[in-house]
Amino acid sequence: MLAARGRRGLLIAAAAVCAALTMALHPWIPNVAVNLGSLFQTFLPWAGLSIPVLLVAAAVRRSRLAAVAVLAPVAVWGCLFGGTLADKRSERSGGGTFTVVSHNVDEENPDPARTARALAASGADVLALEEMSPKATPVYERELAAGYPYRSDTLGVRLWSKHPLNDVEAVPIMPWTRAVRATVETPGGPVAVYAAHLASVRVTPDAGFTTARRNDAARKLAAAVRAERLDRVVVMGDLNGTADDSALRPLTSRFTSAQREAGAGFGFTWPAAFPVVRIDQILVKGMSATSSWTLPATGSDHLPVAASLRL
């Protein structure tokens, strides 16, 4: 009996080591077949759910070896995400001088007027809105006109600003407009702001995690950012991917995630009814984030994201 219990404990211990190694080595999981690497990295924080399962199994088998082995995934998950759980907003003195909000407003949003009013109430200096339908656009223009006198006239993805916008142009990352760049003339000096909506991804039985169009758009956006002449840059929008997704590194490696630098928790944004991933991002360069948070649901299937930045 003891030998059998030991063997069962050995299997649990092996599973714990495998869980730890998979989390620790996630950047090297290849995107082969079903794009397994990106799929796993998208839900990487949830890999920690294996820990209580392994602990229960170790307790049921009364295996000390298994219980000790479970410490390995606990340590790896803690190294990866322990800092994320802290409320870093309270660690920083002084507020930001420039606040931005990004929101995929959902082209099927049943009440765009309410969404626009909620975004205006945030008091952000700049709003970046994605997935704007031609039907809803006039509603946003009307509701945001008083507080945001400056806007881009791009389709699908738009910027609204309290400060003048110069050098506004669409960024060609896809055949139709899915990104826009503008210089925001803030009281603290110019800031280059990019709003983007990368191509959607899907999980299907035959094709797996389809990310090719998104990855191509990310590479093109990264190339545009590399050519940026201003030192202070914000990239925000629906990137349809997390900061852990190695396929987005051409873009994310050049920036600091506002949520990781100055947020509280994971800041999940999708789906709005029960968020499990953060695919809406605010990335910064040449400045620091003092606070990062999500706003309440607006009627979209995404939550808005906000960040206060120190110029």
Side-chain angles (χ1 to χ4, degrees), residues 38 41-45 81 83-84 88-89 96 98-106 119 122 124 126-131 156-159 171 173-174 178-181 191-201 211 213-222 224-226 228 232-272 275-295 298 300-309:
S38 286
Q41 289 156 1
T42 297
F43 297 97
L44 182 59
F81 301 114
T84 301
K88 295 174 286 296
R89 296 172 300 182
F98 182 55
T99 302
V100 297
V101 165
S102 175
H103 189 26
N104 180 327
V105 296
D106 186 1
L119 294 171
S122 71
V126 174
L127 303 174
L129 307 188
E130 307 89 46
E131 206 168 294
V157 177
R158 279 199 175 194
L159 290 169
V171 181
I173 64 171
M174 294 180 69
R178 294 284 287 248
V180 59
R181 180 234 178 254
V191 177
V193 174
Y194 290 76
H197 184 190
L198 300 188
S200 298
V201 298
T211 62
R213 289 199 309 161
R214 183 207 64 179
N215 297 348
D216 182 61
R219 287 189 292 268
K220 291 176 179 176
L221 182 58
V225 170
R226 282 197 300 272
E228 177 55 53
R232 294 182 295 191
V233 185
V234 180
V235 175
M236 54 182 168
D238 177 4
L239 301 189
N240 273 305
T242 70
D244 295 308
D245 192 334
S246 57
L248 298 183
R249 279 184 194 159
L251 176 63
T252 57
S253 64
R254 298 176 177 274
F255 291 85
T256 298
S257 163
Q259 180 65 20
R260 286 189 169 176
E261 183 179 25
F266 293 102
F268 294 145
T269 63
W270 184 88
V276 296
V277 293
R278 183 181 176 90
I279 59 176
D280 302 272
Q281 311 291 347
I282 297 177
L283 309 174
V284 300
K285 185 175 72 170
M287 64 195 101
S288 60
T290 60
S291 188
S292 177
W293 65 99
T294 58
L295 297 175
T298 68
S300 168
D301 57 341
H302 292 242
L303 295 180
V305 292
S308 186
L309 311 175

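Only this structure's heavy atoms are used, side chains among them; waters, hydrogens and symmetry mates stay out.
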**Asked** Under the side-chain hydrogen bond (donor to acceptor under 3.5 Å, both in side chains) criterion, do S292 and E261 qualify, and how do the steps go?
**Response** CA-CA 8 Å; S292 177; E261 183 179 25; over 6 Å; no
Would you indicate whether the side-chain heavy atoms of [Y] and [X] approach each other to under 4.5 Å?
X	Y	value
V191	L309	no
Q259	V305	no
R181	V225	no
F98	V126	yes
L283	L239	yes
R178	L221	no
L295	L303	no
V105	P304	no

**Prompt:** Is there a side-chain hydrogen bond (donor to acceptor under 3.5 Å, both in side chains) between Q41 and T242 once you walk through the steps?
**Reply:** CA-CA 8 Å; Q41 289 156 1; T242 70; over 6 Å; no
**Prompt:** Taking only residues two or more places apart in sequence, or in another chain, which ones meet F255 in a ring-ring contact (aromatic ring centres under 6.0 Å, His included)?
**Reply:** none
Donor-acceptor under 3.5 Å ([X] side chain, [Y] main chain):
X	Y	result
S300	N104	yes
T290	S308	yes
Q281	A258	no

**Message:** Measuring from atom OG1 of T298 to atom NE2 of H103, what distance do you get when rounded to the nearest 0.5 angstrom?
**Reply:** 3.0 Å
**Request:** Sort and list the pairs that fulfil salt bridge (Lys or Arg N to Asp or Glu O under 4.0 Å) and have at least one residue in residues 275-294, not counting sequence neighbours.
**Result:** none
**Complete:** Sorted by chain and number, sequence neighbours left out, side-chain contact (heavy atoms from CB on, under 4.5 Å) with R214 holds for S38, L198, A199, V201, T211, N240, D245, A247, L248
**Item:** Heavy atoms from other residues, nucleotides or ligands near CH2 of W270 exceed 12 (cutoff 6.0 Å)
**Value:** no
